[in-house]
Amino acid sequence: IDPASTHCFKQAMHINTSLLDLSFHGCTDFEEEHLEQIEGLCLNSQPMLKNAMAPLRQSSRTLDSLDFSRGQFQDSLEGLSSYDEASLKTVCTHTDVSCKLLSSALPDNTALRTLNLNNGHVTDRGVAALCRALELNRTVHTLSVANNFLTSASAQSVAAVLLCNGILTNINLRRNQIEEEGAEAVLGALEVNHTCRVFNLDLNPISDATQRKLGFAITLNHQPRSLKSALAALREGERVVETIKADADDEGRPYDDVSGQIIADALRQGGPVTAVDLYGHKVGDVGGTALAQMLRTNTTLKSLDLEGNAMSGCAWEFIESMELNTTLTELNVSRNAFKEYDVNRLTTLATLALHPVPLKRVVMNLMSFQSSQTEICIECLSPASVHQHLLRHPLHTDLFQREGLEQRLTQPQPAERRLCMTDESVKLVAENLKTDIYCRSLSLAHNRISGVGLGYIADYLRINPQTLTCLNLSHNMIQDDGFHALAKAMDKNKALTDLNFADNFMTDGAGKVWLKLVKFTPTIQVLDVAGNPLDGDLS
């Protein structure tokens, strides 16, 4: 039969309404080359499709959804021991021919939104025809071809559409014969596609691991694009990602609890990311808890901004994690539903990462309101200075052993763990000692404390004059201004008995003030000023 003859059949079948079976068996290449020329036969067996073709080609606004699935299909399958073609043809009416007819109308259609071809006899060839049309279509957002005879080739065809179509949001290929190869093609396409929100491959012969990967890929498409791009860059290592934050490509989509969980999973073991900026988003307690737990093992993140989110009940998780974390230096959780005290405490804990490790333990104890420590010793010591210090202060031996300082000094320590106490470090201690009633001895020897730091201690002693009895500030950088400030605070202090200012920069001006103070303050029993640039007679 030549093309002219088949064209006659085509014209006739547009008019004929009764013929359902027309065989061209034995006609060379007819089925492949001239399949579209028997479309009328398909239309007679599918009244719904026959009625829909004209509105589809005209883009009628009244036709925004096509559902060819048959409700009795599932019932019929339950009575079959095997899904053979002969049995299926008795319950299925839409086939590859239906898909080819639809594909002829889809490229120019601007009204159809949903296309349902579930429970049919569609194969890879029909899906391929539909996908070629969907590459040009700009309105169909839902495609469902579940319960058909599709293989991995169909998944690959759909994946190709996802690479160039930003309209499809819901795809259902459930209960087919799609294998790992097809699922991998879909996963590859979803790395580029940002619009697909649902992709169902349930009841296909693919592994649970692949299903989880697919679920995660779809989850990412619900998240801001900046997060998806950052994770892709981290995974591929093509560029260094130092900051995760929102950008213009997100189109106003906020980071939420799921975003927080995804970021936490990605950063749990560290990596190049040093800052996460989630200012003014919608991260709640679930996402906040995940981020807090991430901080326990992460050793690279320096800044975490969660200001203006929706957290309320995860402050304690952050506090517990920050007690273990030693690298985060900026943590902003203000403008959430946290108590002001918890916000301040977290800010302080983050700041402590810039200071010696023993300081963090001391401040955390003081801030817990449960501290009963009577001695505080934070000294940036070398092994030689430890020996020298213990010779001069044998009573501190037990304290050194209890704090484990000797063991830490014999092991190589990272640079950030060898930091000396500075004026800001002293401020953190002094502020928390103002309300303390237990600490009797404060030793901050061998650090880099100046007169400013001693001024903070003076303020503390002025507010809390009844507790501290021993103060050791030897081997620092304190000049006369600091000693003058402390002398003024001694007017009301009658508790201090032991003062060690050895090896600082006290000159005769401050020395005379303290000599006079010692004469008229009988409670001061020990004042060590050895190693200061004092006049010999005054010393």
Side-chain angles (χ1 to χ4, degrees), residues 48-49 51-70 94 96 98-120 122 124 126-148 150 154-176 178 182-183 185-202 204 214-225 227-228 249-254 256 258:
M48 180 179 177
L49 178 60
N51 294 333
M53 286 306 297
L56 274 176
R57 289 194 173 100
Q58 298 168 5
S59 294
S60 173
R61 296 295 178 185
T62 61
L63 187 64
D64 62 355
S65 176
L66 275 177
D67 186 353
F68 291 95
S69 62
R70 291 170 59 101
H94 50 285
D96 291 342
S98 313
C99 295
K100 193 164 185 67
L101 284 170
L102 290 169
S103 66
S104 67
L106 284 177
D108 298 323
N109 183 279
T110 59
L112 192 66
R113 301 289 184 270
T114 303
L115 180 57
N116 187 334
L117 293 168
N118 293 349
N119 311 326
V122 178
D124 296 335
V127 171
L130 281 175
C131 288
R132 286 192 295 271
L134 289 173
E135 289 180 2
L136 303 174
N137 182 276
R138 289 294 177 265
T139 57
V140 175
H141 57 68
T142 300
L143 173 65
S144 186
V145 199
N147 302 316
N148 281 278
L150 310 184
S154 292
Q156 292 169 343
S157 297
V158 174
V161 175
L162 290 178
L163 292 175
C164 61
N165 183 304
I167 306 300
L168 278 172
T169 60
N170 192 323
I171 298 175
N172 182 11
L173 302 182
R174 184 178 183 272
R175 196 173 184 172
N176 282 288
I178 298 170
V186 172
L187 287 172
L190 288 174
E191 291 181 3
V192 178
N193 179 279
H194 300 292
T195 56
C196 185
R197 303 287 185 265
V198 178
F199 202 114
N200 191 343
L201 283 179
D202 292 345
N204 280 279
L214 180 64
F216 181 70
I218 290 298
T219 299
L220 279 182
N221 271 2
H222 287 267
Q223 299 303 311
R225 290 189 183 183
L227 175 58
K228 184 175 180 179
D249 290 339
D250 294 340
E251 299 176 347
R253 187 179 300 167
D256 55 15
V258 177

Student: What is the minimum heavy-atom distance between S103 and A129, and which atoms define it?
Tutor: CB-O, 3.3 Å

Student: Would you check if the side chain of N116 reaches a backbone N or O of L66 as a donor-acceptor pair within less than 3.5 Å?
Tutor: no

Student: Do we see a donor-acceptor contact under 3.5 Å between the side chains of T139 and N137?
Tutor: yes

Student: As an exercise, state the distance from CD of E135 to CG of L106, rounded to the nearest 0.5 Å.
Tutor: 12.5 Å

Student: For S104 and M53, run side chain to side chain contact (heavy atoms under 4.5 Å, CB included): C-alpha distance rounded to whole Å, both residues' side-chain angles, the deciding distance at 0.1 Å, then the answer.
Tutor: CA-CA 10 Å; S104 67; M53 286 306 297; 4.1 Å; yes

Student: Before giving the answer on side chain to side chain contact (heavy atoms under 4.5 Å, CB included), spell out for H141 and T114 the whole-Å C-alpha distance, their side-chain angles and the decisive distance to 0.1 Å.
Tutor: CA-CA 6 Å; H141 57 68; T114 303; 3.9 Å; yes

Student: Examine distances only and state if a side-chain atom of N148 and a backbone atom of A146 form a donor-acceptor pair shorter than 3.5 Å.
Tutor: yes

Student: Looking at every heavy atom in both P224 and P254, which two are closest together, and how far apart are they?
Tutor: CG-O, 3.7 Å

Student: Let me confirm one number: the CG-CD1 distance from L162 to I171, rounded to the nearest 0.5 Å.
Tutor: 4.5 Å

Student: If you take all heavy atoms of A185 and A159, which pair is closest and at what distance?
Tutor: O-CB, 3.5 Å

Student: Out of curiosity, E251 CD to H194 NE2, how far, rounded to the nearest 0.5 Å?
Tutor: 10.0 Å

Student: Drop me the distance from D67's CG to L115's CG, to the nearest 0.5 angstrom.
Tutor: 9.0 Å

Student: Would you call V127 and C99 a side-chain contact if the rule is heavy atoms closer than 4.5 Å?
Tutor: no

Student: Using a 3.5 Å distance criterion without hydrogens, assess whether the side chain of N172 forms a donor-acceptor pair with backbone atoms of R174.
Tutor: yes

Student: Would a 4.5 Å heavy-atom cut-off, applied to side chains only, mark R113 and V140 as touching?
Tutor: no

Student: Should Q58 and P55 count as side-chain neighbours, where that means a heavy-atom distance under 4.5 Å?
Tutor: no

Student: Checking N204 against N176: is there a side-chain donor and acceptor pair closer than 3.5 Å?
Tutor: no

Student: Which pair of heavy atoms, one from A105 and one from L56, lies closest together, and at what distance?
Tutor: CB-CB, 3.9 Å

Student: Tell me which one of N221, N170, L173, L168 satisfies side chain to side chain contact (heavy atoms under 4.5 Å, CB included) with F199.
Tutor: L173

Student: Any chance you could measure R197, atom CZ, to H222, atom NE2, to the nearest 0.5 Å?
Tutor: 6.0 Å

Student: Please tell me if the side chains of L130 and K100 come closer than 4.5 Å, counting only heavy atoms from C-beta onward.
Tutor: no

Student: With rounding to the nearest 0.5 angstrom, report the CZ to CG distance, R175 to N119.
Tutor: 9.0 Å

Student: Using a 4.5 Å cut-off on heavy atoms from C-beta on, say whether the side chain of V186 contacts that of L214.
Tutor: yes

Student: Would you check, one step at a time, whether the test side chain to side chain contact (heavy atoms under 4.5 Å, CB included) holds for S59 with D108?
Tutor: CA-CA 8 Å; S59 294; D108 298 323; 5.7 Å; no

Student: State whether the side chain of K228 and the backbone N or O of N193 hold a donor-acceptor pair below 3.5 Å, judged by distance alone.
Tutor: yes

Student: For the side chain of T219 and the backbone of G215, is there at least one donor-acceptor N/O pair under 3.5 Å apart?
Tutor: yes

Student: Does A111 offer a backbone N or O that forms a donor-acceptor pair with the side chain of N109 under 3.5 Å?
Tutor: yes

Student: Within the 3.5 Å criterion, strictly below it, is a donor on S69 or N118 matched to an acceptor on the partner's side chain?
Tutor: no

Student: With side chain to side chain contact (heavy atoms under 4.5 Å, CB included) as the test, would you mind laying out the steps for L201 and I178 before giving the verdict?
Tutor: CA-CA 8 Å; L201 283 179; I178 298 170; 3.8 Å; yes

Student: Side chains of L150 and D124, heavy atoms from C-beta outward: is any pair under 4.5 Å?
Tutor: yes

Student: Answer whether the closest heavy-atom distance between the side chains of V145 and L143 falls below 4.5 Å.
Tutor: yes

Student: Identify the two heavy atoms, one from D256 and one from Q223, that lie closest to each other, and give their separation to 0.1 Å.
Tutor: OD1-OE1, 3.2 Å

